[in-house]
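One structure is given below, encoded as structure tokens.
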Amino acid sequence: MIQTEPRGRVLIIRLDRADKRNALTPKMLATLVSHLDTAASARALVLSGVGSVFCAGFDLSLCRDDSSALRDLLTGLSRAVRAMRSAHCPVILSAHGAAVAGGCALAIAADIVITTPDARLGYPVVRLGISPAVNAPLVRAAIGDGPTRARLLDSALITGERALSIGLAHELAPDPAACEDRAIRIAEELAEKPPHALAFTKRWLNELDGTDNPRAFDTALEVSLSLHGGVEERDRLEQLWAARN
Amino acid sequence: MLANLTISGSIATLTLTRAEARNALSIDLLHELHAKIDEAASNEGISLLVLTGAGKSFCAGMDLKAILDDPSAPAALLHTLADLTIKLRSLPCVTLAKVNGAAIGGGCGLACVCDIAITHADSKMGYPEVDLGICPAVVAPWLVSKIGPGRARRVLLTGGLMTGQAAFEIGMVDHLVPNVSELDAATDELARRLATGGPQALRATKGLLNDLDGIIGTDIVRRGAELSARIVSMEETRAALRAKFSSTASKP
């Protein structure tokens, strides 16, 4: 459910579960982490998704029969965003169509984000009794404290255009194919630059915005996990499944 | 009564009702706001608190005119405001500023303390403190948190006021409607949506955000009140304020 395509010095990693809008499973997140950790020879990474949307977030249908699935998803997501941040080379992400909840968390962990004007981005999870706290350190690093409150406390999605204006995305491309192409093009350009300069600069930026601090990620994950298994979460997920049936 | 708290389901609305003074923050109004926020904090059924102003203004800021003749009044007023901002930010429920009209100085500060803000394109917002010879020290930490240090530097050192449209463009408000006539409906829709969030998920998320931006855990806002009070008490400031108020005394 994850495919990789080396292209010269660029490694393209794609979420490959288009029939489920690339909804994330614990296995996919673990595979993503192992690709990120072993991509030492790549000079730039592209993270994209097969099909018309980048990623619809967690596959919550897994939580129906497995009460520990949400814990595994939150923990896996936390590991994946840390791996993206600690990768030595830049990560360019194609957030075409939609980057929702866990998908938005992956987008905001990237160094450069391209999206499409009518894409839907955001964190519609508090209404499910789930806290997006796990992603808070990266959201505030990317867009600042003020916009972070407006995004994490509100279940509404914003468009790609609005994401660009608040700094959640850096560039727009007209459609999904152009979006991934543009991400690859940027990665190819960065792959030509001295890798040590990019690595040191990225590491310095992580230090400046505090996203090199593992304790910040641990605390954020603990807040999300603290609600897991509670009545509110269970009731609201049951309502979601009832509505889907 | 200078402030009014109403509760409908899980949504509370706190309204400044000193419309004849453009909801300017007198010491009495600040004390009432403290009491109302205490009341809201003790009600666990509230998921969202909407803060707004009666009449055409949201809040015209500190009522400086009333304190000019009492040298000890400014410090009390500023410390009461500082504590109010911390109390408002510490509320476990989500807070939404409905900026119905002018939000000036301390009034704009209250809007920025709220988690989320909505206004219309023609409202007037900003921090004209430096124009009056005073220092927006209490509200500065909240503005820096809201829009970032780079933009806050420009806003606070420039003084003056901006339109709601401009406030939206720099991130001082999060939602904008083109016309004041659309504000009620848009706020109701936003409030209903925010109140659909799981109360525990909202509280946990907001609690972490309060920890992360670190303002409540320090004495920075109270130190701001001390700095601001020191500057208001300077003779050149009081002379400048007296001149300002006498020149505008004939205006309605």
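Below, read A as the first sequence line, B as the second, and so on, with proteins coming before strands; counting in each chain starts at 1.
- Contact annotation for A:R151: neither backbone nor side-chain heavy atoms come within less than 4.5 Å of a heavy atom of chain B.
- Looking at A:A216, there are no atoms closer than 4.5 Å to chain B (heavy atoms on both sides), in backbone or side chain.
- Separation of atoms CG (A:L153) and OG (B:S47) is listed at 11.5 Å; rounding is to 0.5 Å.
- Around the NZ atom of A:K202, the shell of radius 6.0 Å holds more than 12 heavy atoms that belong to other residues, nucleotides or ligands.
- Crowding of B:E44 atom CD: a count of heavy atoms from other residues, nucleotides or ligands under 6.0 Å not exceeding 12.
- The structure places CG of A:D145 at 11.5 Å from CG of B:D115, a figure rounded to the nearest 0.5 Å.
- For the set B:G171, B:P199, B:A195, the entry with the most heavy-atom pairs within less than 4.5 Å of chain A is B:P199.
- Remark: B:L202 CG to A:S155 OG distance equals 7.5 Å, nearest 0.5 Å.
- Contacts with chain B were tallied for A:V125, A:L128, A:V126; A:V126 has the most, counting heavy-atom pairs under 4.5 Å.
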Open item on the list: What verdict does the side-chain contact (heavy atoms from CB on, under 4.5 Å) test give for B:L208 and A:E222, after you've listed the backbone C-alpha separation in whole Å, the side-chain angles of each residue and the deciding distance to 0.1 Å?
Closed with: CA-CA 10 Å; B:L208 178 69; A:E222 279 162 21; over 6 Å; no
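- The shortest non-hydrogen separation linking A:A136 to B:L209 is CB-CD2, 4.1 Å.
- With values rounded to the nearest 0.5 angstrom, B:L212 atom CG is found 9.0 Å from A:R149 atom CZ.
- With a 4.5 Å cut-off on side-chain heavy atoms, A:D154 and B:V94 do not count as touching.
- Each of B:A117, B:G207, B:A204, B:G148 has some count of heavy-atom pairs under 4.5 Å with chain A, and the biggest count is that of B:A204.
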Task: Step-by-step side-chain contact (heavy atoms from CB on, under 4.5 Å) determination, B:T205 to A:V223 - done: CA-CA 8 Å; B:T205 308; A:V223 171; 5.9 Å; no
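- For the set A:A156, A:A133, A:P147, the count of heavy-atom pairs under 4.5 angstrom toward chain B peaks at A:A156.
- Within 6.0 Å of CZ on A:R162 lie more than 12 heavy atoms contributed by other residues, nucleotides or ligands.
- Of the two parts of B:I147, neither the backbone nor the side chain holds a non-hydrogen atom closer than 4.5 Å to a non-hydrogen atom of chain A.
- Atom CZ of A:R17 has more than 12 heavy atoms from other residues, nucleotides or ligands within 6.0 Å.
- The candidate from B:R203, B:R193, B:K206 with the greatest count of non-hydrogen atom pairs under 4.5 Å with chain A is B:R193.
- B:E169 CD: more than 12 foreign heavy atoms inside a 6.0 Å radius.
- Other residues, nucleotides and ligands contribute only 12 or fewer heavy atoms inside 6.0 Å of the CZ atom of B:R22.
- Atom NE2 of A:H170 has more than 12 neighbouring heavy atoms from other residues, nucleotides or ligands inside a 6.0 Å radius.
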- [ ] List the steps, then state whether side-chain contact (heavy atoms from CB on, under 4.5 Å) holds for A:V231 with B:Q200.
- [x] CA-CA 10 Å; A:V231 175; B:Q200 291 181 29; 5.9 Å; no
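- In this structure, no portion of B:L96 lies under 4.5 Å from any heavy atom of chain A.
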